Participant: 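One structure follows; several queries about it will come next.
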Amino acid sequence: MQTIDPVRYEKLIHLQSMGIAPFGSRYEVTHSSIGVIEGFVEGNEIEVSVAGRVVSLREHGKSAFANLKDRAGKVQVYVRRDVVGEDNFAVFCGLELGDFIGVCGKTFKTKTGEITILVENFTFLSKSLRPMPKEWYGLKDIETRYRQRYVDLIVNDEVKETFITRSRVIRMIREFLDKRDFLEVETPMMQSMVGGATAKPFVTHHNSLGMDLYMRIAPELYLKRLIVGGLERVYELNRNFRNEGISTRHNPEFTMLEIYQAYADYNDMMRLTEELVVHLCQNIKGSLQIEYQGQMLDFTPPWKRVTVCEAIENVLRTRIKGMQDVEAIAIQQGLSVKELLDDVLDHKIEKELVQPTFVIDFPTILSPLAKSMPDNQEITERFEFYISSQEIGNAYSELNDPIDQRKRFVDQNAEGVDEDFVRALEYGMPPCGGLGIGIDRLIMILTNSASIRDVILFPQLRKEGDK
RNA sequence: GGGCUGUUAGCUCAAUUGGCAGAGCAGGGGACUCUUAAUCCCAAGGUUAUAGGUUCGAUUCCUAUACAGCCCA
């Protein structure tokens, strides 16, 4: 354990000796910092009370200026010894960057035209015992920024902006779907069987049931049970957990939006994707052309569509008529079809998918939960969509044939058959379109963030060493 | 998992070929009644991530470890 800064502790004791509580309580706030500035009318100066953190302090002998920061922004306050009295003025000058105070007084305009509060009285609200990085220089050390996000948020305004935007995006998604009569639901995050995606799960244990549980890697199989149950339009916007590598694009827990719509198919999901992303783009950025990490992205629909076969053709420069050709190439290269496709999509084609693009018509053998084409059992009605060379989402016409589903579980799923899910399908699931969108990655694009860690408040890091 | 890079004062950064580890800001003392990266004066602040090694001498070269970043798998 680290010891408390002796100088700051000394100040705390000094405050107490003067009868001032270093960690105060409730304070009546009438205005936010920006509210004070926006509400200012020359000739009609009003009494305001504002609370916030001291982020700068400029003493001038018998007066002093300070800036208070609150959730809205900053406001300047001006304290004069002849107004607040000698003792109070001394307390004010003893403030340190990071301390919280509440101030009360009338607004005025300084010589330089800045709207400022002339402090009539102030209340000490909370002592800061750690030195604060000076705002002008900021906090740049990326490890400290992630580990001590609270400091990052205090000092780096653009970080706060990013997370405010994130919150707005999430709210807009809910509004967008609610308007289309989708129902937000919550399904289990602790599941007795892994399903809905291919990924290693986190395992946990329920003591009184005496059973292992898996943190969900996807909510898909539960949401489709709800389609069986007649809810028809459902979505879930919440955390998934995957026990895999960590990178600028992967965090072990991440936020996923999954949408299921009865009587729809993957073409409807493509339209829904375009409409949702366009809606967010327009409302967050005010344009469908946005800059992301130095490249211009154009979200004007319809987005480009390319089939998986075309993608392979482009990469391998050979004609492909059907899945037999793909399999033949895979065998020739000593790969499985999945490996070939991973290689083509993740390493070759992905780089070229900068503009929003739907990659469509995936092989059935890689899509155990998707409905195959009516005229071709080897291809499914499925797409993934890419923006800025990142996979953002995945969707398909859902497989609603329980007999086929059981067979695919047996053939393609290492985890085996989810008997209850198949039982649900046996009761009958209407044709249905499903869509999953990686929300963190989408927010990276909407906030021009290079790393997924810049859009997750507390990203996963290794245990902190002794520094 | 592999490769490369980084870790120096609370923060942001210096340090020549291996030769006394330095600045700005923050913090401390003082001056100052319109400043806003306030200004001026003074003093202080360091186990150079950790553990070893080479060397008369290591922030600097070598090895290992920890954490982080980037790239690749």
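Numbers restart at 1 for each chain; the letters A, B, ... are given by sequence-line order, proteins then strands. Values below: all heavy atoms of this structure, side chains included; hydrogens, waters and symmetry mates excluded. These numbers were taken from a predicted model, which means no experiment stands behind them.
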Participant: Ignoring the backbone of A:His60, work out which of B:U36, B:G27, B:C32 is nearest its side chain.
Facilitator: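 Of B:U36, B:G27, B:C32, B:C32 is nearest to the side chain of A:His60.
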Participant: Do A:Asp298 side-chain atoms and A:Gln355 backbone N/O form a donor-acceptor pair below 3.5 Å?
Facilitator: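 Here the side-chain-to-backbone pair does not exist.
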Participant: OP1 or OP2 of B:A68 versus the side-chain N and O atoms of A:Arg462: is any pair under 4.0 Å?
Facilitator: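 For B:A68, OP1/OP2 do have a side-chain N/O of A:Arg462 under 4.0 Å.
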Participant: Start at the 5' end of RNA chain B and walk down; is the nucleotide closest to A:Arg58 or to A:Arg8 reached first?
Facilitator: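 Looking at the nearest nucleotide for each, A:Arg8 comes out on the 5' side.
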Participant: Do you see a donor-acceptor pair shorter than 3.5 Å between the side chains of A:Asn67 and A:Ser56?
Facilitator: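 Judged by distance alone, the side chains do pair up.
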Participant: Taking the C1' atom of each, how far is B:G52 from B:C20, in whole Å?
Facilitator: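 Per the computed distance, 25 Å lies between those C1' atoms.
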Participant: On the nucleotide B:A68, are OP1 or OP2 found under 4.0 Å from the side-chain N or O atoms that A:Arg145 carries?
Facilitator: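 Answer is no, no contact under 4.0 Å.
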Participant: Expressed as a whole number of angstroms, how long is the span from A:Asp5:CG to B:A44:P?
Facilitator: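 Checked: the CG to P distance equals 19 Å.
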Participant: Tell me: CD of A:Glu59 to P of B:G28, nearest whole Å?
Facilitator: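 Spelled out: CD on A:Glu59 to P on B:G28 is 9 Å.
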Participant: Please report, rounded to the nearest Å, how far the P atom of B:G28 is from the OH atom of A:Tyr9.
Facilitator: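 Taking OH of A:Tyr9 and P of B:G28, I get 18 Å after rounding.
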Participant: Any strand is fair game: report the nucleotide pairing with B:G24 by Watson-Crick or G-U wobble, both distances under 3.5 Å, or none.
Facilitator: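 B:C11 - that is the nucleotide pairing with B:G24, both distances being under 3.5 Å.
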Participant: With sugar-phosphate meaning primed atoms plus P, OP1 and OP2, does A:Lys74 contact a base, only sugar-phosphate, or nothing at under 4.0 Å between heavy atoms?
Facilitator: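 It contacts nothing in the nucleic acid.
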Participant: Base, sugar-phosphate or nothing for A:Gly245? Non-hydrogen atoms, less than 4.0 Å.
Facilitator: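 No contact.
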Participant: With C1' as the reference atom in both, quote the distance from B:C72 to B:C62 in angstrom, rounded to an integer.
Facilitator: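 Those two atoms are separated by 27 Å.
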Participant: By nearest atom, which of the nucleotides B:C11, B:G27, B:C34 is closest to the A:Tyr78 side chain?
Facilitator: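 Per side-chain heavy atoms of A:Tyr78, the pick is B:C34.
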Participant: Between B:G28 and B:U16, how far is it from one C1' atom to the other, in whole Å?
Facilitator: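 These two C1' atoms come out 34 Å apart once rounded.
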Participant: With respect to the side chain of A:Asp141, which nucleotide from B:U33, B:C11, B:U12 is positioned closest?
Facilitator: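 Out of B:U33, B:C11, B:U12, the nucleotide with an atom closest to A:Asp141's side chain is B:U12.
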Participant: C1' atom, B:A37 versus B:U47: distance in rounded Å?
Facilitator: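 It comes out at 33 Å once rounded to the nearest Å.
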Participant: Taking atom C1' in both B:U65 and B:G6, what distance in whole Å separates the two?
Facilitator: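 Taking atom C1' in both B:U65 and B:G6, they lie 16 Å apart.
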Participant: Give A:Phe108 one of three labels, base, sugar-phosphate or nothing, depending on what nucleic acid heavy atoms sit under 4.0 Å from its own.
Facilitator: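 Base, at least one base heavy atom under 4.0 Å.
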Participant: How about A:His250 and A:Ser247: does a side-chain donor come under 3.5 Å of a side-chain acceptor?
Facilitator: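 Yes, because at least one side-chain N or O of A:His250 sits under 3.5 Å from a partner of the opposite role on A:Ser247.
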Participant: Please check the phosphate of B:U33 (OP1 and OP2 only) for any side-chain N or O of A:Lys62 closer than 4.0 Å.
Facilitator: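 Answer yes for this pair, as a side-chain N or O of A:Lys62 is under 4.0 Å from OP1 or OP2.
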Participant: With no hydrogens and no angle check, just 3.5 Å: does a side-chain donor-acceptor pair link A:Tyr386 and A:Glu384?
Facilitator: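 Per modelled atom types, A:Tyr386 and A:Glu384 side chains form a pair under 3.5 Å.
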Participant: Considering Watson-Crick and G-U wobble pairs with both distances under 3.5 Å, what does B:U48 pair with?
Facilitator: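 By the stated definition (distances under 3.5 Å), nothing pairs with B:U48.
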Participant: Figure out the NZ/P separation between A:Lys109 and B:U36, and round it to whole Å.
Facilitator: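 In whole Å, B:U36 P and A:Lys109 NZ are 19 Å from each other.
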Participant: Side chain of A:Thr112 only, please: which of B:U35, B:U12, B:C70 is the nearest?
Facilitator: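 Comparing B:U35, B:U12, B:C70 against the side chain of A:Thr112, the answer is B:U35.
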Participant: Once you apply a heavy-atom cut-off of 4.0 Å, does A:Tyr146 come out as touching a base, just sugar-phosphate, or nothing?
Facilitator: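 Sugar-phosphate contact only - A:Tyr146 comes under 4.0 Å of backbone atoms but never of a base.
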Participant: Send over the distance from A:Glu244 CD to B:A73 P, rounded to a whole Å.
Facilitator: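 It is 16 Å, rounded to the nearest whole Å.
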Participant: For nucleotides B:G22 and B:C4, find the distance between their P atoms and express it as a whole number of Å.
Facilitator: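 Per the computed distance, 33 Å lies between those P atoms.
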Participant: Tell me whether the side-chain N or O atoms of A:Ser63 pair up with the base of B:U35 as donor and acceptor below 3.5 Å, since no angle test is needed here.
Facilitator: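 Side chain to base: no pair present.
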Participant: Is the shortest side-chain N/O distance from A:Lys134 to OP1 or OP2 of B:A38 below 4.0 Å?
Facilitator: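 Yes, such a contact exists.
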Participant: By nearest atom, which of the nucleotides B:C70, B:U36, B:U12 is closest to the A:Ser451 side chain?
Facilitator: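 Ranking B:C70, B:U36, B:U12 by closest atom to the A:Ser451 side chain puts B:C70 first.
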Participant: Which of these nucleotides, B:C11, B:A68, B:C70, is closest to any side-chain atom of A:Glu143?
Facilitator: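 Output: B:A68.
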Participant: Does B:A31 have a Watson-Crick or wobble mate here (both distances under 3.5 Å), and if so which one?
Facilitator: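 Checking every strand shown, B:A31 finds its partner in B:U39, with both distances under 3.5 Å.
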Participant: Could you identify the nucleotide paired to B:C61, looking across every strand shown and requiring Watson-Crick or G-U wobble geometry with both distances under 3.5 Å?
Facilitator: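 Here B:C61 is engaged in a pair, and the nucleotide opposite it is B:G53.
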Participant: Which value, in whole Å, describes the distance between the P atoms of nucleotides B:A15 and B:U54?
Facilitator: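 Pairwise P distance, B:A15 against B:U54, rounds to 29 Å.
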Participant: When you get a sec, tell me which of B:A68, B:A38, B:C34 is the closest nucleotide to the side chain of A:Ser56?
Facilitator: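 Comparing B:A68, B:A38, B:C34 against the side chain of A:Ser56, the answer is B:A38.
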Participant: Quiz question: by atom type and distance under 3.5 Å, do the side chains of A:Arg166 and A:Ser449 form a donor-acceptor pair?
Facilitator: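 No pair is found: no donor N or O on one side chain lies under 3.5 Å from an acceptor on the other.
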Participant: Are A:Phe241 and A:Phe202 close enough that their ring centres sit under 6.0 Å apart?
Facilitator: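 For A:Phe241 and A:Phe202, the ring centres are not under 6.0 Å apart.
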Participant: Apply salt bridge (charged side-chain N to carboxylate O under 4.0 Å, His left out) to the pair A:Glu350 and A:Arg249, showing each step before the final yes or no.
Facilitator: CA-CA 14 Å; A:Glu350 199 177 74; A:Arg249 297 169 177 204; 3.8 Å; yes
Participant: B:G10, B:A68, B:G27: which one has an atom nearest the side-chain heavy atoms of A:Leu461?
Facilitator: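 That would be B:A68.
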Participant: Please determine, for B:U5, whether a Watson-Crick or G-U wobble partner exists with both distances under 3.5 Å, and give it or none.
Facilitator: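 In the structure as shown, B:U5 has B:A68 as its Watson-Crick or wobble partner.
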